[in-house]
Structures are given as C-alpha cells and as structure tokens.
Amino acid sequence: GWMMGIGRPWTAALCLTGGAIVTIVGQMLITPQLGAVGSGIAMGLGAATGLVLVGLAAWRILRSGSMTTATAELETS
C-alpha cells in the first residue's frame with residue numbers, strides 16, 4: 001500500500017510477481033516430493049521472496065530521497 005501511496009504501483013506489482021514466480025516454481029519442484037509439506041514450504045518461500053523484494057525496494061527509495069519528491073508532488077496537486 002505504501003508504495004502505491006507514493007506513486008510507485010509498478011514497484012509493488014513487480015515485487016509481488018517475483019514472489020508469485022518463486023511460489024509457482026517451488027510448487028512444481030517441491031510439492032511432488034513432499035506433498036502438503038512441500039506446498040507449505042513453496043508458499044513460504046514465495047511470501048519471503050516478496051517481502052524481501054518489497055523491503056529492498058522501500059530501502060532503496062528511502063535511501064535515494066526520491067520519496068520527498070513524490071510527497072511534494074502529491075501535496076501540490
């Protein structure tokens with residue numbers, strides 16, 4: 001939500017897509033061997049990947065200072 005609020009919906013969408021891709025690959029590779037446990041592991045890996053990607057993107061935005069520009073644009077419009 002925060003990424004979209006500062007005018008960066010594509011960043012959040014790409015991070016979630018990365019997590020979904022990891023989940024899909026994990027489901028195809030792990031679930032056939034481990035069943036339900038493998039499915040849970042695959043979903044956990046996908047969720048963790050999405051969270052890490054969103055965290056890294058947020059960290060980069062905050063470090064670059066571009067958030068202040070986005071906030072200023074929102075306040076003036």
Side-chain angles (χ1 to χ4, degrees):
W2 175 77
M3 292 263 187
M4 289 187 275
I6 63 166
R8 295 178 184 266
W10 283 106
T11 304
L14 291 173
C15 293
L16 292 174
T17 301
I21 290 170
V22 169
T23 301
I24 291 167
V25 171
Q27 291 285 354
M28 292 189 318
L29 297 176
I30 301 171
T31 303
Q33 288 136 1
L34 298 178
V37 173
S39 179
I41 291 170
M43 287 188 280
L45 288 172
T49 301
L51 286 172
V52 167
L53 291 175
V54 166
L56 289 173
W59 181 74
R60 286 183 61 213
I61 290 168
L62 292 171
R63 295 263 307 162
S64 70
S66 63
M67 188 180 116
T68 55
T69 305
T71 306
E73 288 175 7
L74 290 173
E75 290 174 354
T76 58
S77 51

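Note that the coordinates shown come from a computational prediction; the quantities given were computed from them, not determined experimentally. Residue numbers count from 1 along this sequence.
Minimum interatomic distance between Cys15 and Val54 (heavy atoms only, all atoms of both residues): CB-CG2, 3.4 Å. The minimum heavy-atom distance between Thr11 and Ala57, with the atom names listed, is CG2-CB, 3.5 Å.
Taken to the nearest 0.5 Å, the CD1 atom of Ile30 stands 10.0 Å off from the OG1 atom of Thr23. The line from CG of Leu29 to CD1 of Ile41 is 12.5 Å long, rounded to the nearest 0.5 Å. With rounding to the nearest 0.5 angstrom, the CG atom of Leu16 is 11.5 Å from the OG1 atom of Thr49. Put simply, CD1 on Ile61 and CG on Leu56 are 11.0 Å apart, with the number rounded to the nearest 0.5 Å.
Using a 4.5 Å cut-off between side-chain heavy atoms of Ile, Leu, Val, Met, Phe, Trp and Tyr, with links allowed through other members, Leu51 and Met43 fall into different hydrophobic clusters.
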